[in-house]
Amino acid sequence: MEKIMDLLNRISTLYAIPQWIVNSGAIAICIILVASPFVARFLMRPKYYKFREMLLFKVLWRWKYKKGDIIALWCYCPKCRAMLFCDDENCRTTDVLQDKITFFVCNECGGNELGRVVGGDRRYALSLVRRDIWRHIKDGTYNEVAKATKEALELLQHLEEERKAQELHDTTQETSTLQEAMSTESLSEEPILEKETPQEPLNNADEHANELLTTEEASHSNDDASLSLQEAQNNEQQENVEEAKPEAERHGV
């Protein structure tokens, strides 16, 4: 390290170049030397290395390349891009090829079946996909397949967004309809209350009229009682006058 620094100082002094420029140039050369193998490997790799996903058996397949071989090959959901579950239990219970079915199930989308492969278990399905990938690479059609896969995924994503928006719109519409129904019920109940409320004054008026009638009857009964009492007094006075008449006649009055 000291020898390198001395060399850089001599170069700076000999060619009258600032020391920081010499140091920066030395660092850049080191970076280029270290990164050149990786850059060369990246530039020299086959063009089909960009071909890393494909739709097959109604599911999305993704993989990587390592030393000219396909690795990390597995299936994914085209809608939510989650890893799928392979159900191949029936392949162990039967020997008939047509009865051996491998199902691809997405647990994130409600556990629904997205695709299937008839004829074998998951290893059989992976071998079919790997063979189809190499076929597109050898035929030179991998660019068209990659483009079609990208367009199909964008279309599926767009349809999924529209479906979610429609569900949200339907939910909002149902909520607004329910609110309108509740408001209509409340408005229909208000006139009934308005019709029922005026009955209270009528009842009060009837009670008041009954009280007036009772008071008038009581007054009439009182008047009848006073009249009967007055008549009794008048009768007594007349009886007294009639009794006094013979006494007056006797005394010559």
> Under 4.5 Å between any side-chain heavy atoms of I71 and W63, yes or no?
Replying inline: no
> Are L114 and L73 grouped together when hydrophobic residues (ILVMFWY) are joined by side-chain heavy atoms under 4.5 angstrom apart?
Replying inline: yes
> H136 versus D132: any side-chain heavy-atom pair under 4.5 Å?
Replying inline: yes
> At their closest point, which heavy atom of R81 faces which heavy atom of Q157, and how far apart are they?
Replying inline: NH2-OE1, 4.2 Å
>> Would E160 and R163 count as a salt bridge (Lys or Arg N to Asp or Glu O under 4.0 Å) here? Give the steps.
In response: CA-CA 5 Å; E160 188 68 16; R163 185 184 66 81; 2.3 Å; yes
>> Could you tell me if H158 and E162 have a donor-acceptor pair between their side chains, going purely by distance under 3.5 Å?
In response: yes
>> Tell me whether the rings of F104 and F57 are parallel (<30°), tilted (30 to 60°) or perpendicular (>60°).
In response: parallel
>> Treating W74 as the side-chain partner and M83 as the backbone partner, does any N or O pair qualify as donor plus acceptor under 3.5 Å?
In response: no
> What class does the angle between the rings of Y65 and Y48 fall in, given that below 30° is parallel, 30 to 60° is tilted and above 60° is perpendicular?
Replying inline: perpendicular
> Do K100 and D121 pass the side-chain contact (heavy atoms from CB on, under 4.5 Å) test, and can you show the C-alpha distance, the side-chain angles, and the key distance before you say yes or no?
Replying inline: CA-CA 7 Å; K100 292 183 178 182; D121 58 1; over 6 Å; no
> To the nearest 0.5 Å, how far apart are OG1 in T177 and CD in Q173?
Replying inline: 5.5 Å
> Is D69 salt-bridged to K66, going by a charged N under 4.0 Å from an acidic O?
Replying inline: no
> Given the rule that I, L, V, M, F, W and Y join up when any side-chain heavy atoms are under 4.5 Å apart, are Y124 and I70 in one cluster?
Replying inline: yes
>> Test side-chain contact (heavy atoms from CB on, under 4.5 Å) on K64 and R52; report intermediate values, then the result.
In response: CA-CA 6 Å; K64 297 179 181 178; R52 294 175 178 267; 3.9 Å; yes
